[in-house]
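Given the structure is predicted, the values throughout are model-derived calculations rather than measurements. To find a chain, count down the sequence lines: A is the first, B the second, and so on, and within it residues start at 1. In what follows, every heavy atom counts, from backbone to side chain, and hydrogens, waters and symmetry copies are set aside.
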Amino acid sequence: MRKINPQGRAQMSQKQATVIHWFRKGLRLHDNPALIAAVEKLDTLPSAHLRPIFILDTKLVETYRVGANRWRFLVDSLADLDKSLRSLGTRLYVLRGDPVSQFKFALKNWNVKLITYETDTEPYARKRDVEVFKLAEEAGVEVKYFFSHTLYEPIVLLRQNKSEAPKTYQKFLDVVSKAGEPPASKVAVTEVYKQSPPKDPDKDKYQLPTLRELHVDESKLGPHLYPGGETEALRRLTQVMTRKTYISNFEKPNTSPNSIEPSTTVLSPDPNLLICKQIDWDVNPEYLSAWAEGRTGYPFIDAIMTQLRKEGWIHHLARHAVACFLTRGDLWISWEEGQLVFEELLLDADVYLNAGNWMWLSASAFFHQYYRVYSPIVFGKKTDPHGEYIRKYLPKLAKYPPNYIYEPWTAPMSVQKAAGCIIGTDYPKPIVDHAKIHKVNLQRMNAAYKKVPSPPKKNTPKFTRASREDDDDSSVPFAKKFRSEFC
DNA sequence: AGCCGCGTTGTGGGT
DNA sequence: AACCCACAACGCGGC
């Protein structure tokens, strides 16, 4: 007669197969290929248990600077996700601790058959995922990951660009245009178990986090304008999509102050990916105020700055001319000073467009042909040879003949007297000699561009160039392929 | 969405 | 008719 001992029975129940879907960023049921893959796996494993998990990295909670509102957004999102999962006969299991330890525990105790997740390209996530992947590999457990956080697989785009991130807008467009159509979105998961759900062995464990647990100082919470969660997000999306005028005008953001929050991915603060060239700009309050107040002695520049100050709008090429003059062209003052003046004076100032355009024009980012220097004398002549624009905004110079109006300091004294405007008395002499200073500045730009940026920290996961053989998925073991892309 | 100097080519008037 | 010459227009490379 065989003895049945309770321990053995417990052991038997632990043998129930488990499929893990690891939620990280994509806290949603719709358009979630990794969740779909997890659910599909259940078909081949009768009575298997799905564990949708979220790991609260407690060390991160203690050290990562996240505001109260953002923590609340996460708590909201997880609660909404849990609610949706419960309606499908499952739930969210919130594990606590470092992800590697949590997976060690799970792999040891849950008879895991498959782990699925959505890829995350942030450095912290890549390092974490590589470690978890190794653990799973050692345990002989299959892992499936999917690119669904971004429209395209970043690795594929990188490969198309020789494994380098595009740093100009044109390059970015080129790369995307060769990538073809992004994959179609996936329908929401609406069913998990075909039969009645297996019993939850951890009914009272792995509960949702609370604000208190996350040390949220509730006095720092702002009004609850944007609750987190898939349900609320879809509601807002649906609502926006009914506003046809808003949508059709969205490409012209200058008409709409209430735009959707911009993505911050392009301006990542990661110090290893510094986008902005670090240039040794001068601090020169005299030059700065002369520029801002339209008394540089260059009529074309001063006329533009006068129009800006008086009327609040200047043509975009005029913006180019004065931005170049302030920064790399002549005065060698930081674009951030110019940004502040434009922000103060431009009726159409948009903080992101303004900052981006100043970086562009100063050749600090996106645009790098720094030897393309606008002349404060000849640039305006091409479209206004008689200087009518200058006459309008600088009436002191209105009587200068066309051949002197762009550089009145070259006019003979007789001409200056006849025009009723003595240079150096009635209108300033040029504060810099453009012909000389722009050459000096070219050398300074040259030096700034030659300066090697500080090397990336060691151990930072880095995209490496994949060899041609790796393109054939079937010939390369999954783990090797994964490492070649993520380690 | 630069500017300059240089060389080449084209043009028109004059000898 | 053939040639000279000044000048404009254009393309290119370097910064």
Review point. Quick one: A:E407 CD to B:dC3 P, roughly how many Å, whole number?
Key: 13 Å
**Study point:** Ring-face cation of A:K310 near A:Y393 (centre distance under 6.0 Å, axis angle within 45°)
**Key:** no
Practice item. Using atom CD of A:Q369 as one end and atom P of B:dC3 as the other, report the distance to the nearest whole Å. Key: 15 Å
Practice item. Not counting sequence neighbours, list each pair that qualifies as a ring-ring contact (aromatic ring centres under 6.0 Å, His included) and has a residue in residues 417-438 of chain A. Key: A:H434-A:H438
Point to revise | Closest approach of A:N32 to A:L29 (non-hydrogen atoms, all atoms of both residues) | key: CB-O, 4.0 Å
Check your understanding: What is the nucleic acid contact for A:H438, judged by heavy atoms within less than 4.0 Å: base, sugar-phosphate only, or nothing?
Key -> nothing
Practice item. Indicate, with yes or no, if the rings of A:W291 and A:Y298 have centres closer together than 6.0 Å. Key: no
**Study point:** Cation over ring face, A:R328 and A:W332, 6.0 Å, 45°
**Key:** no
Check your understanding: Hey, would you say the A:F23 and A:H21 ring centroids sit under 6.0 Å apart?
Key -> yes
Check your understanding: Whole Å only: how far is the NE2 atom of A:H316 from the P atom of B:dG2?
Key -> 10 Å
Point to revise | Interatomic distance where CZ belongs to A:F367 and P belongs to B:dG2 [whole Å] | key: 7 Å
Review point. Is the backbone N or O of A:T231 less than 3.5 Å from a side-chain atom of A:D80, with the two atoms forming a donor-acceptor pair by type?
Key: yes
Review point. Between residues 378-390 of chain A and DNA chain B, which residues have a heavy-atom gap below 4.0 Å?
Key: A:V378, A:F379, A:K382
Practice item. Can you tell me the distance, in whole Å, between the CZ atom of A:F300 and the C1' atom of B:dA1? Key: 12 Å
Review point. Looking at the rings of A:F379 and A:Y374, which for Trp means the six-membered one, are their centres under 6.0 Å apart?
Key: yes
Revision key, fill the gap. With B for base contact, S for sugar-phosphate-only contact and - for none (protein heavy atoms under 4.0 Å), nucleotides 9-15 of chain C reads ------B
